[in-house]
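Input: a single structure, listed below in structure tokens.
Owing to the predicted nature of the structure, the values given are computational and were not obtained by experimental measurement. So you know, we letter chains A, B, ... as the sequences are listed, proteins then strands, and number each from 1.
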Number of protein chains: 2
Amino acid sequence: MQLSQTAEYALRAVVWLAEHPGDPQTTQQIADGCKVPVSYLSKVFQPLSKVGMVSAQRGLGGGYVLERDVDQISLLDVVNAVEPVQRIRSCPLKLASHGSKLCALHQSLDNAMAEVEQRFGQIMIGQLLRNSTGVRPLCETTGLAQLGISARAGGSPGQAP
Amino acid sequence: MQLSQTAEYALRAVVWLAEHPGDPQTTQQIADGCKVPVSYLSKVFQPLSKVGMVSAQRGLGGGYVLERDVDQISLLDVVNAVEPVQRIRSCPLKLASHGSKLCALHQSLDNAMAEVEQRFGQIMIGQLLRNSTGVRPLCETTGLAQLGISARAGGSPGQAP
DNA sequence: TGTCAACAAGACAAAAATATCCAGATATCA
DNA sequence: TGATATCTGGATATTTTTGTCTTGTTGACA
């Protein structure tokens, strides 16, 4: 019982983009920052672009940017884009006698899914950024980031090719 | 976001056994009644036997039986036996700066897991059986079963209780 | 225009989950 | 004892998920 890896990656990536507003992030940057296989990122972003949550710009200075307000994107939006929460809408055993009603077992399971769905629907990406409870922002932070010292390309350290 | 197929199967099987107390069920019976591939059942039962939730009897008249009271087995017990609910206990990105604390994203995800875990832990198998809300018992029922007419596979309507 | 930086997308590969098969170990019963 | 029923557990096959690679397209800019 857990989120798929792909959904995890998608959430990290979206949060990452949310942390870099107005600054297109390349797959390499995202991969490094989110610890996502760089060659897998295109797969992760495909459905996110499809629903218009992110957009990509090619060429020098390009990369991905969020297309919607961070407070208008819920965890559920992200998860559903890449791997919809599976609600149980009819008997998984296809028992005729069950019609569209669920037995107690499947009703219980679906209730749990419903709860998760609702919970995820209420949590907005923006909320996560602000909710930095004292410590780290989110995905990454070298310990320096907390002091406002950016350690990215464009900041001080790192390699400039 | 969903239960693994194996966990689904395990839950069905346990419920099935709960519906047939004191009557060892063969893999064939369980497979038919629960719509689980018969040849996969041994894999499903392996971890359930290991934790002592079920036991198997070989030979004629043998099969699987529940070893614990139906009101002492929660959905969580079953799920955890075959595929533990994955709680997030430390930063999945292994960020040193996060120590054992979770960022807002992962904390949110883990909270959802915790909720599911708790919910599952509260629902007992026995509860599901009694909770037949008017209609069907659980996994199976041809519509006849509700009238007390057993319609077991194998062609001939079998033994009356 | 040419060159380089970047994404797009499909083909391929590896790993994990799911499913099948079968020889062997037990158990029951005649 | 023999015949039959049943689980056990390992080897294997299939499918899905995850990950990689490569070729092509787009965009910026000198």
Does the pair Glu8(A)/Arg12(A) count as a salt bridge with the N-to-O cut at 4.0 Å? yes
Rounding to 0.5 Å, atoms CG (Leu102(B)) and CG (Leu109(B)) come to a distance of 9.0 Å
Nt span of DNA chain C in reach of chain B heavy atoms at under 4.0 Å, 5' end first, is dT18(C) to dT28(C)
Listed range with range, the stems formed with DNA chain C by at least 3 consecutive Watson-Crick or G-U pairs (under 3.5 Å) are C:1-30 with D:1-30
Assess whether side-chain contact (heavy atoms from CB on, under 4.5 Å) is satisfied between Ile30(B) and Leu17(B), documenting all intermediate values. CA-CA 8 Å; Ile30(B) 298 166; Leu17(B) 294 184; 3.9 Å; yes
When Ile30(A) and Ser39(B) are each assigned the nearest nucleotide of DNA chain C, the 5'-most assignment goes to Ile30(A)
Report task. Would you mind reporting whether Leu75(A) and Leu105(B) have side-chain heavy atoms less than 4.5 Å apart? Result -> yes
The reported gap from CG in Asp110(A) to CZ in Arg87(A) (rounded to nearest 0.5 angstrom) is 4.0 Å
Per nearest nucleotide of DNA chain C, the residue lying toward the 5' end, Ser49(A) or Leu3(B), is Ser49(A)
In whole angstroms, the gap separating P of dT16(D) from CD of Glu83(A) amounts to 15 Å
Review point. Side-chain donor-acceptor pair under 3.5 Å between Thr6(B) and Glu83(B), yes or no?
Key: no
Problem - Thr27(B) and Tyr64(B): side chain donor to acceptor below 3.5 Å - result: no
When rounded to whole Å, the CD to C1' distance for the pair Gln5(A) and dT17(D) reads 10 Å
query = Can you find a side-chain donor-acceptor pair between Ser108(B) and Asn111(B) that sits under 3.5 Å?
reply = no
Exercise for review: Tell me what Gln28(A) touches on the nucleic acid: a base, only sugar-phosphate, or nothing, going by heavy atoms under 4.0 Å.
Suggested key: nothing
Rounded to the nearest 0.5 angstrom, the NZ-NE2 distance for Lys101(B) and His106(B) is 16.0 Å
When Gln122(A), Arg119(A), Met124(A) are each screened for side chain to side chain contact (heavy atoms under 4.5 Å, CB included) with Ser74(A), the one that passes is Met124(A)
Separation of dG9(D) atom C1' from Leu48(B) atom CG, nearest Å, is 16 Å
Open item on the list: Please confirm whether the shortest side-chain N or O distance from Tyr9(A) to OP1 or OP2 of dT17(D) is below 4.0 Å.
Closed with: no
In this structure, CG of Leu11(B) is separated from CG of Leu48(B) (nearest 0.5 Å) by 9.0 Å
| request: Classify the nucleic acid contact of Thr26(A) as base, sugar-phosphate or nothing, counting any heavy atom under 4.0 Å across all strands shown. | output: sugar-phosphate
Per the under-4.0 Å heavy-atom filter, residues of residues 40-47 of chain A near DNA chain D come out as Tyr40(A), Lys43(A)
Whole-Å distance, Leu60(A) CG to dT25(D) C1', equals 16 Å
The residue, Gly61(B) or Arg58(A), whose nearest nucleotide of DNA chain D is more 5′ is Gly61(B)
